[in-house]
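One structure is given here, and the rest of the page talks about it.
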Amino acid sequence: MAEFAELEEIDGVRMTWNVWPQSRLEAAKCVIPFCALYTPAKQTSQLQVVEYDPVPCKTCGAVLNPYATVDFNAKIWACPFCHTRNHFPPHYAGISEASVPAELFPQYCTIEYSLPRMGALSPPSYVFVIDTCVAEDELLAAKTAVQQALTMVPEYAQVGLVTFGTHVHVHELGFSDCPKAYVFRGSKDYSAAQVQEQLGLHSQAAQRRGAGGPGSPQTGGPGGRPGNRFILPLSECEFAVNQALEELQRDAFPAVAASRPSRALGTAVAVAAALMGGCLPAGSGAARLMLLVGGACTEGGGKVVDKELTEPIRSHKDLAKDAAPYYRKAKKFYDAIAAQLVAQGHSMDLFACSLDQVGLSEMKACIEHTGGYVVQTDTFTNPIFKDSLRRLFTPAGEEGYLGLSSNATFEVHCSKDIKVCGVLGPASALEKKSPLVSDQVVGVGGTTAWKLCTLSAGTTLAVVYDIVAQHGGGGGGDPMAAGGGQQFFLQFVTRYLHDSGAMRCRVTTITRRWVDGSNMGDLIQGFDQEAAAVLMGRVVSYKMEEEDDFDATRWLDRSLIRLCSRFGDYRKDDPDSFQLRPQLSFYPQFMFNFRRSQFIQVFGNSPDETAYARIQLNRESVGDSMLMIQPALFAYTFNGPPEPVLLDVSSIAPDRILLLDAYFYVVVFHGSTVAQWRKAGYQDQPEHAAFKQLLQAPQDEAHTIIQRRFPTPRFTDCDQNGSQARFLLAKLNPSATYNTSSSMSSEIIMTDDVSLLVFTDHLKKLAVQS
């Protein structure tokens, strides 16, 4: 797997199969879909940035790349995708074999073009939407965190403020005489046009959509900026926004005893999205709707639960039985807002700080389709909330800087005999019809171009392909195509607004080879089991949400049995003879851990927690997604440096400290003897300096992981036999349980779950059946 990770460092691409069979029939037998997991904004070491426009093919639109065949004398290049012969543009007249442009260098398969900007650039904009139906100390913590975040925002960035309780208040920051706000009824549904009209933005929005561009004279005060009464540069409204926050009180409408407060969360999101649509030119700059919520919506559009506390909020069981009365309606409400935000090019971030659910499951489309972030914690006083909010505003050059780009479009080109099924990731479809679109749809399909409102350095899209060649037809036989038809090509073109304000276009072109599908040795050599596990995770998460009565465990098990039956080495009906090649040997273990994870086993998790986990799995890179599927476990002892150990209960020892990185949380677990020594205070004695270092090393490593990751993971520091030890035990393979006869482990797990050994024994039996 190391060689695939090295390839990823160069181009940001991991593929489930790096060698593809030449026919549709053979492709179907491979079980795992053919997919490229691509990280468009990955920070690679040898990325070349050039200051001119890319050269597209006149037929298919693919960009000039190192695999194009070039005739230097005639100044013509042949596109490797559609084999069209294209003339170079006039400014390429000086090219020759001795003087080649950067995009034709073999080492620059990934190249970035810095493009001239069309139209005026809008500064980044942040609209804070704050829940006031929370306790006094909670509201104070939320206000303080926002005020601290504003100190990190550059002076030129634009800021808006919306607060909500029973009703929604849009604060007019441009009115300097006294604090002034427009109030919208929480129980009423407003269209975007109605909101803009009531705020006096409607004529401006229409004017801007018509002849007036960002620079045309507008009503709305100084600078002719539309809507600048509500969303202003921080330099102009810093006093007003801080004054509004200082004077912000708890919702004036008291909650009735034994009832939830009247919280118009859905209306607030709809009003804020309409406000941003009326004030900010679509697609001209980064804009984020930042939602700080302390509970579920109980009023108006997007309502997820009744006010009576006797009515619990929906659980997975309710969703499965269709017994959640507000779920479908709320989901439809938020889906409409998501489509509106995508059209405007704006992202929505959710900071859910509540012990109960807030309705993230219904709001998921608003976050995922716009590429926003979710932070889930129990209170606004929790450091996870404060650190995550601060991280979003960390300026360039400082530790923790996220480098978020915005308004990206992502386009795919591929060779003949390959079609695009769709994308699994934080993207929404741009209705671009193309002959490359497959009839089979996976994820966001029916197009070859997608929009991403936010693009981070780790955002990874899974592009799923369909091989449509009939037997032996792969690659075509065009002599001008490199390799005489033995190769195929894939290209990814990402145009985005860099956080520096420049327009960029990153082009990655990769090639892989066709093989005869019956040659299993060749096929399995190109199998990337980590990429395959991550793709299957995304596919299953998608199917669990989209398909009714989908049995995820059974579907995964069947896929795994078919894969092992096809690519394993064995004699029929002899399980003891079964062996897997090294390229496939870890995959069953990945699936075993994935079956036990919170993505599949939703019992004990709320729909909000499941939605949060799936949003992260659908966005992060292969390395981070693998930690969600199969956490990493490291052991610290006196005997040497820290070492990776098996994710198994047998790894627990009294004189060991274990560090578990499960992506969403990090656990430092002290064995019973180490915990006793620590409680006895040995680490404070000079002669036990080595013990002090042993205790400190995993803490330092955990701190490093937490600093690097966003959103901030939860940290748990626990001892063997302590209550918090469950965070580690839940992730370990239960090789020693209360009903195993002999145990080599110093710990047993109280569970009826099968162990990895039992799982693989059953897999062998089923895979070798004739």
Exercise. Go through the steps to decide whether C564 and Y587 satisfy the test side-chain contact (heavy atoms from CB on, under 4.5 Å), and finish with yes or no.
Key: CA-CA 10 Å; C564 292; Y587 184 75; over 6 Å; no
Exercise. Would you please indicate yes or no on a ring centroid separation below 6.0 angstrom for Y665 and F715?
Key: no
Quiz prompt | L424 backbone acceptor or donor facing R538 side chain under 3.5 Å | solution = yes
Quiz item: Hey, would you say the W17 and F567 ring centroids sit under 6.0 Å apart?
Solution: yes
Quiz prompt | Identified side-chain hydrogen bond (donor to acceptor under 3.5 Å, both in side chains) counterpart of T460 within the set D624, N618, T39 | solution = T39
Quiz prompt | Exceeds 12 heavy-atom contacts within 6.0 angstrom, atom CZ of R714 | solution = no
Quiz prompt | Nearest-0.5 Å distance that lies between atom OG1 in T409 and atom CH2 in W450 | solution = 11.5 Å
Self-check item: T760 side chain vs L757 backbone, donor-acceptor pair below 3.5 Å
Solution: yes
Self-check item: Any donor-acceptor pair under 3.5 Å from T459 side chain to L455 backbone
Solution: no
Quiz item: Are T44 and Q46 side-chain neighbours, meaning at least one heavy-atom pair lies under 4.5 Å?
Solution: no
Exercise. Taking the six-membered ring of Y373 (Phe, Tyr or Trp), confirm whether the NZ or CZ of R619 is under 6.0 Å from its centre and within 45° of its axis.
Key: yes
Quiz item: Would you say D11's side chain and V13's backbone share a donor-acceptor pair under 3.5 angstrom?
Solution: no
Quiz item: Looking at the rings of F592 and F759, which for Trp means the six-membered one, are their centres under 6.0 Å apart?
Solution: yes
Quiz item: Do the side chain of N593 and the main chain of Q589 share a donor and acceptor less than 3.5 angstrom apart?
Solution: yes
Quiz item: Checking S585 side chain against P582 main chain: does a donor-acceptor pair fall under 3.5 Å?
Solution: yes
Practice problem: Determine yes or no for a side-chain-to-main-chain donor-acceptor pair under 3.5 angstrom, with R506 supplying the side chain and K42 the backbone. | Solution: yes
Self-check item: Closest contact, heavy atoms only, A725 versus C718
Solution: CA-SG, 3.9 Å
Quiz item: Quick one: which of V507, T508, V412 gives a side-chain contact (heavy atoms from CB on, under 4.5 Å) with Q491?
Solution: V507
